[in-house]
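Accompanying notes for the structure given below.
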Amino acid sequence: MLAPGGRRRRGRALAVAGGALLAAALAGVAVGAVGLPFGGVVSSLLAHVGVHVGTPLPPVEDAILVQWRLPRVVLSALVGGVLALAGASYQGVFRNPLADPYLLGAAAGAGLGATVMIGWGPTQLGPLGTVPAAAFVGSLTGVGLAYALGSVASRQGGGSATLLLAGVAVSSFLTAGQSLAQQAHAEDLRQIYSWIMGQLGTAQWSDVVLVLPYMAVSVTVLLVSGPVLDVLAVGDDEAATLGVRPRRVRLVVLLAASLGTASAVAVSGLIGFVGLVVPHVVRRLAGASYRTVLPVSLVGGAAFLVLADLVARTALAPAELPIGVVTAFVGAPFFAALLRAGGGRAR
Amino acid sequence: MLARTRSSRQALRALLVTLALTATAACGSSSSGGAAPSSPSPAASTTASSPSADAFPATVTADNGPVTVAARPKAIVSLSPTLTDMLFELGAGSQVKAVDALSDVPKEAPRTTLSGFQPNAEAIAGYAPDLVVVSYDIGGLVSALGKLKVPVLLLGAPRTIADSYTQELALGRATGHVAEAQRVADATRAQIAEAVASVPKGAAPGRVYHEVDQTYYSVTSATFIGDLYRQFGLVNIADSAPQAAGGYPKLSAEFVVKAAPTLIVLADEGCCHQTAATVAARPAFATIPAVATHRVLAVDDDTASRWGPSLGVFADKIAVILTAAR
């Protein structure tokens, strides 16, 4: 159980993150490449839920709002939230601050899957349908390979460090495969590049519907593992004496986190930085207990990516920047400032 | 962490390649005549229709500066589909020894596994070329071949169609086909002019959206494709993008819907299976005038990415869809 002080702190952190998400979402819906009057946006949104006040937007603008901008904001929130939550979980499982959702081959596998599909994909299906599927399968395959290799190796001793090394080996191998595939299809370089840099620009409601079930499962499992991760933080042997089975916990959390990561990657490509840094920011501001870090990372990650996407689509409007560039460009200085402000405090 | 580093390094490499492509394209225009179509370029100025115009040694100006070809080349290697097409059109086909894997026009071009995107100087040298023509200087290829004393003409994607004629004349001078090169350039110019003239002038200028892929990459008027649309008097919706976004900005669905183009050209039929039907099925796209009046033109990726003689065919297709009664 959290101490009453800790619970209050978590409540406050959640409220702040929730407020940030709400503000980011409102800004994200109101601002875009096409200027829409704020009053009209609000009236239109209300009209869609059956409340008729003010003058809603004309049909074309309404379609822009509801069919393009809204799903994009929702998908950004889902992807950002899940990546940050998965990153926090990975950091907990491995007790390693450098862990992120792409650590065990999820990114490399997804990259290979997407590249192969872009290069050799079936012609009767649009890439919008086949590339996400290939990335999803590739992502899970990458993590599966790393886990299998890690388990075999750790039987000869090792533990979580062995799994990390297995992840590194599998990632390198799959990345090499991706480079090879890319070399064979150099004419698709721009498409592959654009996928690797991450994209939310083609988000539609169908994408949201597609990933929501997987993400819901992942988020539920991860959120309830917070207390166990706190126990695991004291070390495998100590955790075992407290009744936690480290291997099983690690497997379940990794499975759930990887499922979430794979769904995020499938619809958005490789968006770096969110999964690594958001949990650290949360830890600095709200404390290190996973019962706090996990839910606040979920909400904070959502707010961060919605905001990053807003920058990506307005900084050079009507042109767009790759979302991966923005997350690092905006996030890195912020994180650096935070590290500086944190000064001597340990992670 | 290493995994991340790996993937970002990979992204970086892809980025560098993209930058190289952009830089080459930019140099292409600046050194081969700039944006002023009427100014005689250095390459064009060396050409005269007297027999001595084909004399060697010949010096032509390419994106990599003045290049001297000592004797009429007999073993040309082309790493650019556009330049391959130009070489055969202007009658230098029999002098071409090897072309890259993507040079599929004309059919009789001696296709090899050479790549213009990941060029291998040693493999190119293996063909003992006396002239190499490329559109992208990737991995220091031009200087590597220069060390082997092989003359290299770097002729990248131009920013105007006039620049592409200049490239044709440079190729003609370097291969000993000045008069034919002039004829090919004149024929393309005439074909485009005829296509433009065949379209009745409407009250208001049309608006065009050119789709490079379904993530809304487009082209501005600062590209040879954009120049073609400008010749048709079309307003390019991508021109609203700030210059910082480059000649190939990435737009968004909401912007395209709002911009309400009257003509949509899909250059992503081959790569990405986009057709008039898939575009019409996108949310809110049915409201776009081009979709409502069936003015959605799907061209194969090659037509819209090559700046050689095939531009005339592209112009004809645009004229047909603009003229068709709806």
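The figures here come from the full heavy-atom set of this structure, side chains too, leaving out hydrogens, waters and symmetry mates. Each chain gets a letter, A, B and so on, in the order its sequence line appears, and its residues count up from 1.
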inquiry  = Could you walk me through whether B:Val257 and B:Arg282 satisfy the side-chain contact (heavy atoms from CB on, under 4.5 Å) test, starting with their C-alpha distance in whole Å, then the side-chain angles of each, then the deciding distance to 0.1 Å, before giving a yes or no?
reply    = CA-CA 10 Å; B:Val257 170; B:Arg282 295 178 195 171; over 6 Å; no

Interface check, chain A: of B:Ala245, B:Pro242, B:Pro249, B:Ala284, most non-hydrogen pairs under 4.5 Å belong to B:Pro242

Cut-off 4.5 Å, heavy atoms of chain A, and the answer for B:Leu102 is side chain

Turns out that what part of B:Ser252 lies under 4.5 Å from chain A's heavy atoms comes down to both

Under 4.5 Å to a heavy atom of chain A? For B:Val256 that would be neither

Would you please say whether a donor-acceptor pair under 3.5 Å links the side chains of B:Tyr229 and B:Thr223? no

Q: For B:Thr262 and B:Arg207, indicate whether the former's side chain and the latter's backbone hold a donor-acceptor pair under 3.5 Å.
A: yes

From the list A:Pro318, A:Ala317, A:Gly111, the residue making the most non-hydrogen contacts under 4.5 Å with chain B is A:Pro318

- Message: What I want to find out is whether B:Arg306 reaches B:Asp85 closely enough, with some N-O distance under 4.0 Å, to be called a salt bridge.
- Response: no

Turns out that what part of B:Tyr216 lies under 4.5 Å from chain A's heavy atoms comes down to side chain

Separation between CD1 (B:Ile288) and CD1 (B:Ile264), nearest 0.5 Å, reads 4.5 Å

